[in-house]
Amino acid sequence: MGKKKGKSISNRRLLNWTVILGVMFFITVLIGIVFFYVRIRFTQNIITSSDYKTYDNYYVIITGNSDTDYWKSIYAGAKAEAEKLSVNVEMMGEGLDKNLTKEDYLRIAISSSVDGIIIEGDDDPEIQELLAKADANGIPVVTVSEDSPSSGRKSFIGVSSNNMGKEYGNQIVEYANEVDADSLSVMVLIDKGMTESSQTVIMTAIRESLVENGLSDKVSLDSKIVSSDVDYAAEEEIRDIFVGKEDIPDIMVCLSEQNTICAYQTVVDHNKVGQVEIFGYYMSDTIRSAIKKDIIRSSIVVDTEELGLNAVKAIDEYKESGYVSEIYLIDTKLANSDNIASFNMEGGESDD
């Protein structure tokens, strides 16, 4: 009887702590949402106040990766173009509690009646539903980097997934023809936020390049979804590819800035430099340095500031005329040790 009573008390304590922690988590998220809602209202008041520079419109940028150089550069491009058009643009979530999700930011933006939304597209049904709600409320939405074509968005600004896949395929073919090996293994690291459509197109294009060059038997192709929405998850998941494994990939293809940097750091930490070739994405100081050291073989570079400025232009064009091109594709360039000196800006080439 005593044992049962003790067990009952223990269970009650566990339940009590679970309830307390749940309430604390809810309050934290609620405070974050209220804080950002008030911040948006404050910004909107600034737009119309005579004490500050006046703006005609207020746009927000929403992504699950606001802390990355990639999205900071997109924001910089959007902000520069917005200034020319008398638009105030803000990156939602920058420096705030990561408990707030893209869905939370979308709800805040919609309820605050912002004048335009720039967002990283998503397959998530809830995101699609919220984007449709924004459209129904008269808020034009432009997707950037990843698309949500069935959501009611007005335009997509990004790169061609097919062209990206072909470029990575060409790089694999070039390397396979250089080395004396009977077989090569390729691991493609796919960001969790990438839409299923983009994943399929890129992988198909890589496979087609291998087949066209007679390398489908020599080169094995595999992929791994890597989390980007949880702190340090990407580092741990990429590290797991190496820990306790005899067979590690000969080539790692990285489809995001974060995965490129994590792969580079993991290869260095596990003394695999020279054993694993890295084909990356984007250009930052870290990636540039790794290319110079021949740790990253190459990186596909997109002008991220151009992504941002075109997103602002697209919303402005739609608000002015009621029409806008459904898709704007931005060209990419390949950075390697031969031309790295020309890439002295994040996300783009030098003007020299």
Item to complete: Tell me, please, which residues at least two apart from Lys79 pass salt bridge (Lys or Arg N to Asp or Glu O under 4.0 Å).
Response: none
Worksheet item: Excluding sequence neighbours, so at least two apart, what forms side chain to side chain donor-acceptor pair (under 3.5 Å) with Glu126?
Response: Arg107
Fill in: Contacts of type salt bridge (Lys or Arg N to Asp or Glu O under 4.0 Å), residue Glu326, not counting sequence neighbours
Arg153
Practice prompt. Determine yes or no for a side-chain-to-main-chain donor-acceptor pair under 3.5 angstrom, with Tyr70 supplying the side chain and Met283 the backbone.
Written response: no
Practice prompt. With sequence neighbours excluded, tell me which residues meet side chain to side chain donor-acceptor pair (under 3.5 Å) with Glu103.
Written response: Thr101
Practice prompt. Go through the structure and list residues passing salt bridge (Lys or Arg N to Asp or Glu O under 4.0 Å) with Glu81, not counting sequence neighbours.
Written response: Lys84
Discussion item. List the residues meeting salt bridge (Lys or Arg N to Asp or Glu O under 4.0 Å) with Asp135, not counting sequence neighbours, and say none if there are none.
Written reply: Lys154
Worksheet item: Does CG in Asn137 sit with more than 12 non-hydrogen atoms of other residues, nucleotides or ligands closer than 6.0 Å?
Response: yes
Fill in: Pairs flagged by salt bridge (charged side-chain N to carboxylate O under 4.0 Å, His left out) wherever residues 308-318 is involved - sequence neighbours left out
none
Which donor-acceptor pairs under 3.5 Å do the side chains of residues 204-215 make with protein atoms, sequence neighbours left out?
from, atom 1, to, atom 2, distance (Å)
Thr204, OG1, Thr200, O, 2.7
Ser209, OG, Ala205, O, 3.2
Asn213, ND2, Ser209, O, 2.7

Fill in: Set of residues satisfying side chain to side chain donor-acceptor pair (under 3.5 Å) with respect to Ser185, sequence neighbours excluded
Asp250
Worksheet item: Taking only residues two or more places apart in sequence, or in another chain, which ones meet Thr143 in a side chain to side chain donor-acceptor pair (under 3.5 Å)?
Response: Asp147
Worksheet item: Which pairs, with at least one residue in residues 161-176 and sequence neighbours excluded, count as a salt bridge (charged side-chain N to carboxylate O under 4.0 Å, His left out)?
Response: Glu174-Arg297
Worksheet entry | Modelled atom types, side-chain donor and acceptor of Tyr55 and Glu83, under 3.5 Å | yes
Worksheet entry | Side chain to side chain, Tyr75 and Val89, heavy atoms closer than 4.5 Å | yes
Item to complete: Can you tell me which residue pairs pass the salt bridge (charged side-chain N to carboxylate O under 4.0 Å, His left out) test with a partner in residues 265-281, sequence neighbours excluded?
Response: none
